[in-house]
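Chain A is the first sequence line, chain B the second, and so forth, proteins listed ahead of strands; every chain is numbered from 1.
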Amino acid sequence: MAPKKRPRMSKKAADAGKADDGGKVSAAEASVGGKRKATGKSKESVKADDPPEHSHWLMKSEPESRFENGIDVKFGIEDLKTMLDQTSCWDGVRNFQARNFMRQMKKGQLAFFYHSNCKEPGIAGLMKIVKEAYVDHTQFDKKDVHFDASSKPDNPKWSMVDVQYQRMMKRFIPLSELKKYHLQHRAQGGPLKDMALFTRARLSVQPLTTEEFEFVVSLEDKAPL
DNA sequence: GCCAACGTTGGC
DNA sequence: GCCAACGTTGGC
């Protein structure tokens with residue numbers, strides 16, 4: 001599922017939790033980066049894992065109404081547009097890998113707004129990261145769909161960023177079209193051959209290489225495949 | 001609405 | 001620390 005964003009801007013109060021990264025790392029959390037190979041590497045690079053730097057992102061959310069214990073989790077790009085300053089916090093991410101990617105995001109970077117779990121899944125538009133990772137307050141809110149009883153205020157588990165609407169894609173880029181390119185590129189080579197949307201299908205926040213990002217943007221001016 | 005893929009949890 | 005059971009994601 002996709003994160004449900006608050007229809008209100010994050011409160012100043014939420015900014016309080018600056019130091020995000022408490023000392024502890026749960027087993028699940030630790031295992032997440034686990035693909036990382038230790039083979040032949042010197043010990044330093046193994047432990048310290050400075051994440052590879054990504055500069056472009058794709059973030060999924062659901063544009064159609066769906067009720068999760070009585071609460072509508074709908075939040076499409078049209079909803080982002082209506083927010084004050086067309087800006088919203090991206091709360092509700094409850095997956096370690098997705099969270100870790102959000103923590104790598106830098107102010108000013110661009111992200112695709114992807115519509116998931118809907119009639120026509122695909123990329124709807126572009127947004128910009130306007131605030132880097134900070135504590136997701138909804139984890140402590142019992143009324144929230146994404147309340148997490150296992151997260152304690154003195155060591156919050158979950159983070160969010162703020163995003164601002166930039167623009168719609170000149171045309172909606174459907175998943176089906178991206179998939180055709182992905183398959184084609186996988187067979188013959190091309191920028192989308194390893195796109196996370198297909199290789200890590202369930203990740204709700206994912207990085208794109210500059211090549212992937214630019215290829216997708218270039219599709220705007222092409223006829224639908 | 002179905003269900004495949006896969007992340008998370010907990011028993012041992 | 002393994003792995004079965006369970007829960008979630010998200011396309012179709």
Report task. Decide yes or no, distance alone: a donor-acceptor N/O pair under 3.5 angstrom between the base of dT8(C) and the side-chain of R202(A). Result -> yes

Query - F198(A) CZ - dT9(C) C1' separation (whole Å) - result: 16 Å

Report task. Would you kindly give the CG-to-C1' distance between L203(A) and dG11(C), to the nearest whole Å? Result -> 16 Å

**Report entry** F96(A), nearest nucleotide to its side chain (from dT8(B), dC6(B), dG7(B))
**Finding:** dT8(B)

Requested in this report: Fit a plane to each ring of W57(A) and F101(A), take the angle between them on a 0 to 90° scale, and name the class: parallel (under 30°), tilted (30 to 60°) or perpendicular (over 60°).
Outcome: tilted

Query raised in the report: Would you call D79(A) and K74(A) a salt bridge, using N to O less than 4.0 angstrom?
Result: yes

Report task. State which residues pass side chain to side chain contact (heavy atoms under 4.5 Å, CB included) with F140(A); sequence neighbours excluded, sorted by chain then number. Result -> V135(A), S151(A), P153(A), P156(A)

Report task. Mind calculating the distance between CD (E64(A)) and P (dG11(C)) to the nearest angstrom? Result -> 11 Å

Requested in this report: Report the distance from atom CD of E120(A) to atom P of dC12(C), rounded to the nearest whole Å.
Outcome: 11 Å

Report task. Among Ile, Leu, Val, Met, Phe, Trp and Tyr joined by side-chain contacts under 4.5 Å, find the other residues sharing a cluster with V130(A) and list them by chain and number. Result -> none

Query raised in the report: Taking OP1 and OP2 of dG11(C), is either one under 4.0 Å from a side-chain nitrogen or oxygen of Y114(A)?
Result: yes

Report task. Nearest whole angstrom, please: distance from the P of dG7(B) to the CZ of F101(A). Result -> 12 Å

Query raised in the report: Choosing from dG11(C), dG7(B), dC6(B), which nucleotide comes nearest the side chain of L175(A)?
Result: dG11(C)

Query raised in the report: Who pairs with E132(A) by side-chain hydrogen bond (donor to acceptor under 3.5 Å, both in side chains), at least two apart in sequence or on another chain?
Result: none

Report summary line: Overall bend of the helix from dG1(B)-dC12(C) to dC12(B)-dG1(C) (five pairs an end, 10° steps) is 10°

Report task. Please identify each residue that fulfils side chain to side chain contact (heavy atoms under 4.5 Å, CB included) with D85(A), with sequence neighbours left out. Result -> T87(A), Q164(A)

Report summary line: Here the distance between atom P of dT8(C) and atom CD of E62(A), to the nearest Å, is 13 Å

Query raised in the report: With a 4.0 Å cut-off on heavy atoms, is K179(A) in touch with a base, just the backbone sugar-phosphate, or nothing at all?
Result: sugar-phosphate

Query - Spacing between L197(A) atom CG and dC12(C) atom P, to the nearest angstrom - result: 10 Å

Query raised in the report: Would one find a side-chain N or O of K60(A) under 4.0 angstrom from OP1 or OP2 of dT9(C)?
Result: no

Report task. Return the value, rounded to whole Å, for the distance between atom CG of N100(A) and atom P of dG7(B). Result -> 13 Å

Requested in this report: Supply the members, apart from V216(A), of the Ile/Leu/Val/Met/Phe/Trp/Tyr cluster built from side-chain contacts under 4.5 Å; use none for a lone residue.
Outcome: L58(A), L110(A), F112(A), Y114(A), I123(A), L126(A), M169(A), I173(A), L175(A), L178(A), Y181(A), L192(A), M195(A), L197(A), F198(A), L208(A), F213(A), F215(A), V217(A), L219(A), L225(A)

